[in-house]
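Scroll down for the structure; my scribbles are underneath it.
The structure presented is a predicted model; accordingly, all values stated were derived computationally and were not measured.
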Amino acid sequence: MKGSAYRRCSCRDPKSGKELGTSCPKRNSRNHCTYSIRQELPPREDGSRRSFARGGYDSRKAAQADLDHVRALLGLAKSDDPEGIELLAAMLAEVSSEKVPLPQVEETRRRLNAGQDLIGSLTVSEWLDQWLAGKRIRKSGLNRYETDIRMHLKPRIGSRRLDRLRVSHLSEMFTDIRDANAQILEQNAQRRTAIDELAAVPWKGTDNRARRKAMKAAIDAMPPFRRITGPSTRQHIKATLRAALNDAIGQQIITFNPAAHVEIDSVRKPKALVWTDERVAKWQQTGEKPSPVMVWTPEQTGAFLDFVATDRLYAMWHLIAFRGLRRGEACGQPWSETNLDIHSLTVSSQLVQDGWEVETSEPKTDSGFRVVALDDDTVEVLERHRKQQDADREEWATAWVDTGLVFTQADGSWLHPGKVTDLFERLVAASGLPPIRLHDLRHGAATLMLAAGIDVKIVSDTLGHSDTRITRDIYQSVLPHVGKSAAEATAKLVPLQRRTEAEQAARKAAKAAKKAKAMSKKKGKAKRPKK
């Protein structure tokens with residue numbers, strides 16, 4: 001197809017306004033004119049002509065280089081590939097009209113062979129919408145992705161072209177989030193101070209009422225209390241973007257995932273701590289928990305189970321405390337997967353809370369599907385619970401809701417996981433025991449199994465962890481007497497021959513006292529009169 005690079009003068013006649021072209025008196029000046037290119041493109045489907053045109057080159061060499069570039073792009077499609085020829089022609093026509101840089105030949109070749117858009121104008125926002133629409137996961141996970149995208153990713157990087165997203169862009173995004181956190185904290189502090197000042201103003205008196213009215217108006221004009229975007233949420237935002245970009249790579253839309261390389265603050269997960277006597281005493285004085293994750297001792301767990309022995313859901317508390325089921329797993333456990341004759345149950349479903357709505361779902365991971373062995377005492381507890389449930393069914397008669405679940409409301413309907421948590425917290429407060437979360441009751445079961453010497457692999461399988469490393473990472477802290485026993489056993493492995501002077505003196509004193517006691521006892525026998 002025809003194409004050329006040519007010299008062009010843009011000077012115009014001051015009277016007519018027309019370009020002078022070759023009649024320009026300055027045309028022969030060395031730096032007066034610029035160079036342009038024009039390349040004929042394959043005609044449109046209706047037969048109309050189209051071309052690639054661009055000007056403003058300082059030299060013929062630069063103009064010829066771009067003309068060769070255009071021809072190389074046109075040559076990517078073979079003559080027997082009309083679809084490819086049309087795609088390349090449409091791309092070059094768009095590049096020409098929008099005056100954007102010419103795309104790289106090899107990148108265009110890759111896109112053409114992969115069946116992707118050749119222009120590469122897909123934005124991050126557009127891709128995130130496509131990606132989210134194609135996800136087939138449970139509703140709670142989908143909503144979490146949607147929140148990350150709507151609240152953080154779209155507002156900050158949504159307008160950027162997907163293929164031009166860089167690590168620096170993501171670093172700037174997380175810096176903006178940290179800056180916004182600082183602003184939120186400052187605004188929260190200002191609002192809290194204003195509210196405290198308002199509370200200190202008396203109600204009576206004309207001046208006081210006017211002052212209170214003005215202060216209320218000022219508070220209303222302030223931003224409302226807001227939560228900051230904490231380290232865990234920032235990590236989740238990064239994970240959401242990374243997953244979306246990985247799928248874009250899988251579809252050959254991009255070749256690089258910047259979310260895999262951006263560095264943000266790490267999150268240190270809280271370790272489980274045991275409620276020792278010292279920690280309980282400090283909690284009673286200050287009301288503060290040493291860690292967000294606290295575990296009861298065996299004695300404390302027993303005291304709680306004794307306290308709730310008459311509660312309608314005692315069997316649930318017992319099962320979680322000894323076998324470590326998750327809240328949703330316990331709420332969603334069906335009788336059809338609970339075999340008391342062979343002392344086991346199979347975890348195959350759960351109730352998932354999304355906001356305040358509840359839906360049934362399969363376990364989140366393959367390791368969540370598991371068989372949990374039951375001890376004799378737990379089996380007896382569940383048998384008593386089933387008898388009580390049968391009595392409830394008879395009492396409710398036709399009003400009974402047959403969900404087939406082990407743990408239900410009085411009428412047989414689902415237990416709301418959120419209400420179960422609220423009930424547990426009220427029972428713990430009423431018992432007078434140090435506070436733990438319902439999920440910490442599961443942590444306690446794990447700690448008890450490890451303390452009993454159960455192999456970590458069995459503990460991991462019982463809890464539904466995908467890897468024993470997860471079990472070890474979470475439960476590094478063990479019950480105090482177990483740690484003491486381990487320390488003593490370790491110390492006895494090392495035979496120490498040398499003793500400090502203090503130790504030697506103590507040993508001599510102990511021997512002397514023992515010898516004196518023996519001598520005194522011997523003398524006492526000698527003085528005893530004969531009968």
Side-chain angles (χ1 to χ4, degrees), residues 272 295-351 363 367-393 403-410 412 414-415 417 420-421 423-424 427-428 431 433 436-465 471 475 479 482:
V295 178
W296 279 334
T297 63
E299 294 76 17
Q300 292 163 342
T301 301
F304 174 75
L305 293 177
D306 289 339
F307 179 79
V308 298
T310 58
D311 186 74
R312 192 176 63 83
L313 293 178
Y314 170 78
M316 175 183 281
W317 314 132
H318 182 102
L319 183 63
I320 297 175
F322 283 95
R323 295 286 78 196
L325 266 66
R326 298 177 176 89
R327 179 187 68 173
E329 294 169 346
C331 291
Q333 180 64 29
W335 280 114
S336 61
E337 297 296 333
T338 307
N339 194 327
L340 300 184
D341 294 333
I342 61 173
H343 287 56
S344 71
L345 61 82
T346 301
V347 178
S348 60
S349 62
Q350 60 180 338
L351 293 186
S367 57
F369 289 89
R370 63 194 188 279
V371 176
V372 178
L374 304 175
D375 58 278
D376 291 340
D377 187 39
T378 300
V379 169
E380 291 179 7
V381 168
L382 290 172
E383 286 177 342
R384 291 197 300 269
H385 175 75
R386 181 156 57 182
K387 290 179 180 178
Q388 180 59 50
Q389 193 179 72
D390 291 340
D392 292 340
R393 182 184 290 105
T403 58
L405 299 180
V406 176
F407 306 110
T408 65
Q409 298 188 54
W414 280 0
L415 285 171
V420 170
T421 296
L423 174 60
F424 177 78
L427 291 173
V428 171
S431 71
L433 291 164
I436 65 169
R437 306 168 306 160
L438 178 55
H439 198 71
D440 295 339
L441 201 60
R442 165 180 160 86
H443 290 323
T447 306
L448 290 174
M449 283 187 277
L450 292 172
I454 306 300
D455 184 82
V456 68
K457 173 60 177 173
I458 297 177
V459 177
S460 181
D461 292 343
T462 302
L463 296 175
H465 289 161
T471 311
Y475 307 111
L479 298 175
V482 179

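In plain terms, the two heavy atoms of Ser367 and Gly464 that are nearest each other are OG-O, 3.2 Å. The nearest pair of heavy atoms linking Gln389 to Val406 is NE2-O, 3.0 Å. Shown here for Val295 and Gly444, the closest heavy-atom pair between the two residues is CG1-CA, 3.4 Å. The two residues Pro363 and Ser348 make their nearest non-hydrogen contact at CD-O, 3.3 Å. Between Ser349 and Gly332 the shortest heavy-atom distance is OG-O, 3.0 Å. Of all heavy-atom pairs between Leu313 and Thr408, the closest is CD2-O, 4.1 Å.
Proximity of His343 to Asp376: side-chain heavy atoms (C-beta onward) are separated by under 4.5 Å at one or more points. In this structure the side chain of Thr301 never reaches within 4.5 angstrom of the side chain of Trp317, judged on heavy atoms. With a 4.5 Å cut-off on side-chain heavy atoms, Thr403 and Trp335 do not count as touching. Phe307 has its side chain out of reach of Leu433: every pair of non-hydrogen atoms, C-beta onward, lies at least 4.5 Å apart. Put simply, the side chain of Arg326 does not reach to within 4.5 Å of the side chain of Val347, judged on heavy atoms. Contact check for Val428 versus Trp296: side-chain heavy atoms found under the 4.5 Å cut-off. Met316 is listed as a side-chain neighbour of Leu415, based on a closest heavy-atom distance under 4.5 Å. Contact annotation: the side chain of Arg323 approaches that of Met449 to within less than 4.5 Å [non-hydrogen atoms, C-beta and beyond].
In this structure a side-chain-to-backbone donor-acceptor pair under 3.5 Å is missing from Asp306 to Ala303. Under a 3.5 Å cut-off, the side chain of Gln300 and the backbone N or O of Thr297 do form a donor-acceptor pair. One N or O on the side chain of Arg442 and one on the backbone of Leu463 form a donor-acceptor pair closer than 3.5 Å.
Between Phe424 and Phe304, the angle of the ring planes goes over 60°, which puts this pair in the perpendicular group of the 30/60° scheme.
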- [ ] Give the intermediate values and the outcome of side-chain hydrogen bond (donor to acceptor under 3.5 Å, both in side chains) for residues Arg327 and Thr421.
- [x] CA-CA 8 Å; Arg327 179 187 68 173; Thr421 296; 2.8 Å; yes
Open item on the list: Does Val381 form a side chain to side chain contact (heavy atoms under 4.5 Å, CB included) with His385? I'd like the steps, not just the answer.
Closed with: CA-CA 6 Å; Val381 168; His385 175 75; 5.6 Å; no
TODO: Check the pair Arg370, Asp461 against side chain to side chain contact (heavy atoms under 4.5 Å, CB included), reporting the backbone distance first and the verdict last.
DONE: CA-CA 7 Å; Arg370 63 194 188 279; Asp461 292 343; over 6 Å; no
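Summarising the geometry, atom OG1 belonging to Thr462 is positioned 10.5 Å from atom NZ belonging to Lys457; distances are rounded to the nearest 0.5 Å. Distance check, rounded to the nearest 0.5 Å: CD1 of Ile320 to CG of Asp440 gives 11.5 Å. With rounding to the nearest 0.5 Å, the separation of CG in Asp455 from OG in Ser460 is 10.0 Å. Within the model, atoms OG1 of Thr346 and CZ of Phe369 stand 11.0 Å from one another, a figure rounded to the nearest 0.5 Å. For the atom pair CG (Leu319) and OG1 (Thr378), the distance works out to 6.5 Å, reported to the nearest 0.5 Å. Between Leu423 atom CG and Asp311 atom CG the span is 5.5 Å, to the nearest 0.5 Å.
Arg393 is linked by a salt bridge (charged side-chain N to carboxylate O under 4.0 Å, His left out) to Asp390, counting only residues two or more places apart in sequence or in another chain. Under the ring pair (Phe, Tyr, Trp, His ring centres under 6.0 Å) criterion, His439 pairs with His443, sequence neighbours left out.
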